[in-house]
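Residues: numbered from 1 along the sequence shown.
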Amino acid sequence: MDRSRPHARRPLAVLLTATAVAAAGVTALTPDARAADADLARNGGFETGLDGWNCPAGATVTSPVHSGASALKATPAGSDNARCAQTVTVKPDSAYTLSGYVRGAYVYLGASGTGTTDVSTWTQSAPDWQKLTTTFRTGPSTTRVTIYTHGWYGTGAYHADDITLVGPGGETGQPPAPPTGLTASGATSTSVALSWSPAAGATSYAVYRDGARIRTVTGTSTTVTGLSPSTAYAFQVAALNDAGESARSATVTATTSAPDSGGGDSGLPEHALVGYLHASFANGSGYTRLADVPDSWDVIDLAFGEPTSVTSGDIRFERCPATECPGVESDAEFKAAIRAKQAAGKKVLISIGGQNGQVRLTTTAARDTFVSSVSRIIDEYGLDGLDIDFEGHSLSLDTGDTDFRNPKTPVIVNLISALKTLKAKYGDDFVLTMAPETFFVQLGHQFYGSGPWGGQDPRAGAYLPVIHALRDDLTLLHVQDYNSGPIMGLDGQYHSMGGADFHIAMTDMLLTGFPVAGDANRVFPPLRPDQVAIGMPATVNAGNGHVTPAEVVKTLNCLTRNTDCGSYRTHGTWPSLRGLMTWSINWDRFGGWEFQRTFDGYFG
């Protein structure tokens with residue numbers, strides 16, 4: 001598990017000739033706006049957040065700003081150029097001037113759907129605020145135009161502010177009537193499904209929970225996630241169009257069910273401490289005998305079982321030799337220590353993979369070998385289950401595999417099949433855990449696989465279909481919240497390692513659910529809080545992203561008690577959050593058991 005690895009990013013592209021030609025061909029500026037003209041851009045100064053804008057890679061900032069209190073900051077990543085757009089109602093056969101202030105390298109401002117010639121203008125370099133302006137004329141039947149700004153691949157964040165579209169306003173008509181027929185169904189412990197009848201003239205719908213607007217959807221149904229168990233909620237829906245928002249619908253109430261212990265709880269305590277024990281190798285942390293692991297550790301992952309080759313599926317567990325690990329116990333002593341831990345109520349698992357153990361089950365033969373070889377390890381040592389710690393290039397998605405609910409890639413499908421077979425073989429008490437990196441899980445909120453047009457890293461979000469297919473069998477998911485780049489949270493902002501905010505945002509995504517690749521029709525459903533532990537490095541030596549005990553406590557306070565949350569607003573409070581995972585027990589011993597003491601001090 002874990003050393004920092006840079007992930008592939010698309011290199012800086014040269015400017016497209018067609019774009020340059022379009023920019024060079026911009027018509028002369030129109031005279032000052034006529035008295036009948038108006039600024040039609042909604043929230044062009046970003047003073048009310050991203051209201052009115054579709055901006056998956058953007059967030060509002062308070063500095064730098066061109067005017068007012070806020071501006072847009074958007075960050076290209078991979079094959080995404082951080083496009084922010086809004087659609088505006090316009091008048092046919094009319095002249096419009098689009099302007100805005102920008103900062104950054106390669107920033108674009110443009111309009112599409114004009115009905116004549118779509119236009120854009122750009123700047124190669126704007127170290128300070130620079131005004132961009134272009135003009136266009138709408139077609140004889142054009143009533144809606146999309147205005148946008150974006151950056152360029154691999155060039156870093158850009159800023160935009162005070163975007164205006166000046167020209168005659170279109171006919172917006174009247175807001176629609178309130179939706180009718182709102183019903184709630186399918187309540188689980190954390191979610192409620194809503195549906196309603198379509199409202200004439202509506203283009204979208206605003207969903208309200210207990211009086212607060214929580215989302216906007218284009219269809220007539222949605223599933224509200226991130227709810228607390230055994231709790232009553234009140235829901236309403238309003239219809240939207242260019243003229244505004246309707247009155248709200250009649251209120252419907254729904255009560256979530258009690259927490260579901262689900263598959264794979266397997267006798268864990270209410271709050272569990274999970275750690276990896278270096279059982280097959282040595283490093284600077286020193287060797288720790290299994291019998292010497294303190295009783296605070298509830299799940300002990302033996303690191304690692306590794307394949308004989310990347311695609312063989314043949315997993316072997318070789319204990320660390322005495323020449324490398326002075327003081328290593330004998331096989332008999334090791335097995336006796338496993339039995340003693342189990343007698344004390346602890347779970348001992350074999351962890352497969354790690355940083356060096358690449359596993360790709362490309363064939364059904366490799367799948368079957370994986371099942372048989374892992375079974376031999378479990379049976380030989382009398383283990384309680386299996387931890388999947390696939391890193392590097394073990395999991396990736398084939399081009400065109402775009403739906404996490406129905407994966408097609410062989411290495412994904414075969415892994416799911418293998419894990420289901422092992423679960424069925426050993427029964428309900430079999431403990432199944434996973435330790436993916438954020439790149440393979442939360443990054444899927446923005447990017448999934450190679451993307452609809454290719455060019456993205458095919459590993460992005462690649463764990464999601466595995467987690468989803470096994471969610472009813474999964475005991476614990478403990479994402480490695482370390483060795484990670486910045487990840488966009490559900491608040492539309494990027495979060496970086498080093499403080500409680502990162503852990504809070506990443507865990508909130510797992511417990512709330514999130515659209516995959518920004519697609520509201522493909523939402524990764526939330527996991528139960530008892531299935532989730534937070535992965536952290538035990539010391540600064542163990543991995544990038546170590547946080548102090550005070551930040552660990554802040555994280556737990558926010559997620560389980562709704563206190564100490566800082567600037568990030570979670571979508572729920574989860575007192576039944578299972579606990580913490582760390583890399584590693586050895587490193588925590590090296591650091592004076594600081595991580596263990598923090599856990600014990602918080603949960604008792």
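Using a 3.5 Å distance cut-off with no hydrogens or angles, the side chains of Thr183 and Ser195 do pair a donor with an acceptor. Defined by atom type and a distance below 3.5 Å, a donor-acceptor pair is present between the side-chain atoms of Gln480 and Asp389. Using modelled atom types and a 3.5 Å distance limit, the side chains of Tyr602 and Asn557 yield a donor-acceptor pair.
Atoms CG and OG1, from Leu577 and Thr560 in turn, are 7.0 Å apart once rounded to the nearest 0.5 Å. Taken to the nearest 0.5 Å, the CD atom of Gln174 stands 12.5 Å off from the OG atom of Ser246. The SG atom of Cys55 sits 5.5 Å away from the CG atom of Leu50 when rounded to the nearest 0.5 Å. Once rounded to the nearest 0.5 Å, the distance linking CG of Leu240 with OG of Ser204 reads 4.0 Å. The structure places CG of Leu395 at 9.5 Å from OG1 of Thr409, a figure rounded to the nearest 0.5 Å. Note that CG of Leu109 is 9.5 Å distant from CG of Leu165, once rounded to the nearest 0.5 Å.
Among all heavy-atom pairs drawn from Trp574 and Pro529, the shortest one is CB-CB, 3.9 Å. Contact between Thr598 and Pro549 at its shortest, heavy atoms only, is OG1-CB, 3.4 Å. Shown here for Ala202 and Ala239, the closest heavy-atom pair between the two residues is CB-CB, 3.8 Å. The minimum heavy-atom distance between Pro76 and Gly156, with the atom names listed, is CD-O, 3.0 Å. Taking both residues in full, the closest heavy atoms of Trp129 and Ala71 are given as CH2-CB, 4.2 Å, listed atom of the first, atom of the second, then distance. The two atoms that bring Pro465 and Ile412 nearest to each other are CG-CG2, 3.7 Å, heavy atoms only.
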Carefully, step by step, assess Val299 and Leu273 under the rule side-chain contact (heavy atoms from CB on, under 4.5 Å). CA-CA 7 Å; Val299 180; Leu273 179 61; over 6 Å; no

Using the rule given for ring-ring contact (aromatic ring centres under 6.0 Å, His included), can you reason through Phe404 versus His468, listing the C-alpha separation, both sets of side-chain angles and the distance that settles it, and then say yes or no? CA-CA 8 Å; Phe404 74 92; His468 184 64; 5.1 Å; yes

Could you walk me through whether Asp530 and Ser576 pass the side chain to side chain donor-acceptor pair (under 3.5 Å) test, one step at a time? CA-CA 6 Å; Asp530 64 89; Ser576 57; 5.5 Å; no

Does Tyr205 form a side chain to side chain donor-acceptor pair (under 3.5 Å) with Glu245? I'd like the steps, not just the answer. CA-CA 9 Å; Tyr205 299 88; Glu245 180 174 334; over 6 Å; no

Could you walk me through whether Thr203 and Asn241 pass the side chain to side chain donor-acceptor pair (under 3.5 Å) test, one step at a time? CA-CA 5 Å; Thr203 56; Asn241 65 13; over 6 Å; no

Intermediate values then yes/no, side-chain contact (heavy atoms from CB on, under 4.5 Å), Val166 and Ser99: CA-CA 8 Å; Val166 176; Ser99 298; over 6 Å; no

Intermediate values then yes/no, salt bridge (charged side-chain N to carboxylate O under 4.0 Å, His left out), Glu437 and Arg459: CA-CA 11 Å; Glu437 298 164 289; Arg459 298 173 297 165; over 6 Å; no

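With hydrogens and angles disregarded, no donor-acceptor distance shorter than 3.5 Å links the side chain of Asp508 to the backbone of Thr512. For the pair Thr507 (side chain) and His503 (backbone), a donor-acceptor distance under 3.5 Å is present. Between the Ser496 side chain and the Pro486 main chain, no donor and acceptor come within less than 3.5 Å of each other. The main-chain N or O of Gly572 is found under 3.5 Å from a side-chain atom of Thr570 such that the two form a donor-acceptor pair. In this structure a side-chain-to-backbone donor-acceptor pair under 3.5 Å is missing from Glu551 to Gly498. A donor-acceptor pair is defined here as one N or O able to donate and one able to accept, closer than 3.5 Å; such a pair exists between the side chain of Gln456 and the backbone of Gly449. The backbone N or O of Ser67 sits less than 3.5 Å from a side-chain atom of Asp161, completing a donor-acceptor pair. Side-chain N or O atoms of Thr142 include one that pairs as donor or acceptor with a backbone N or O of Thr114 at under 3.5 Å. The closest donor-acceptor contact from the side chain of Asp210 to the backbone of Ala234 lies under 3.5 Å. With hydrogens and angles disregarded, a donor-acceptor distance shorter than 3.5 Å links the side chain of Arg471 to the backbone of Pro525.
Taking 4.5 Å as the limit, some side-chain heavy atom of Pro64 sits within range of a side-chain heavy atom of Arg103. Within the 4.5 Å cutoff, the side chain of Thr438 has no heavy atoms near those of the Leu443 side chain. Using a 4.5 Å heavy-atom cutoff, the side chains of Gln531 and Ile467 are not in contact. Between Leu490 and His571 the shortest side-chain heavy-atom distance falls below 4.5 Å. For the pair Leu98 and Ile163, the minimum side-chain heavy-atom distance is below 4.5 Å. The side-chain heavy atoms of Arg578 and Leu476, taken from C-beta on, include a pair separated by under 4.5 Å. Side-chain contact between Val552 and Met536: present, with at least one pair of heavy atoms (C-beta onward) separated by less than 4.5 Å. Residues Leu40 and Ile147 fail the side-chain proximity criterion, which asks for heavy atoms closer than 4.5 Å.
Partners of Arg248 by side-chain contact (heavy atoms from CB on, under 4.5 Å), not counting sequence neighbours, listed by chain and number: Tyr208, Gln236, Ala238. Residues passing the side-chain contact (heavy atoms from CB on, under 4.5 Å) test with Ala550 are Thr548, sequence neighbours excluded. For the side-chain contact (heavy atoms from CB on, under 4.5 Å) test, residues two or more places apart in sequence or in another chain that qualify with Lys420 are Ile416, Leu470, Asp473. For the side-chain contact (heavy atoms from CB on, under 4.5 Å) test, residues two or more places apart in sequence or in another chain that qualify with Ala247 are Pro178.
Among residues at least two apart or in separate chains, side-chain hydrogen bond (donor to acceptor under 3.5 Å, both in side chains) pairs with a member in residues 52-66 are His66-Asp162.
Under a cut-off of 6.0 angstrom, the local environment of CZ in Arg569 is sparse, with at most 12 non-hydrogen atoms contributed by other residues, nucleotides or ligands.
The distance between the ring centers of Trp583 and Tyr482 does not fall below 6.0 angstrom. The aromatic ring centroids of Phe603 and Phe599 lie less than 6.0 Å from each other. Aromatic ring centres of Trp152 and Tyr108 lie closer together than 6.0 Å.
Both tests pass for Arg83 against the ring of Tyr148: distance under 6.0 Å to the centre and angle within 45° of the axis.
A salt bridge links Asp51 to Arg42: one of the charged nitrogens lies within less than 4.0 Å of a carboxylate oxygen.
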Show me, pair by pair, the donor-acceptor contacts under 3.5 angstrom made by side chains of residues 514-524, not counting sequence neighbours?
| residue | atom | partner | partner atom | Å |
| --- | --- | --- | --- | --- |
| Asp519 | OD1 | Asn521 | N | 2.9 |
| Arg522 | NH1 | Thr402 | O | 2.7 |
| Arg522 | NH1 | Thr402 | OG1 | 3.4 |

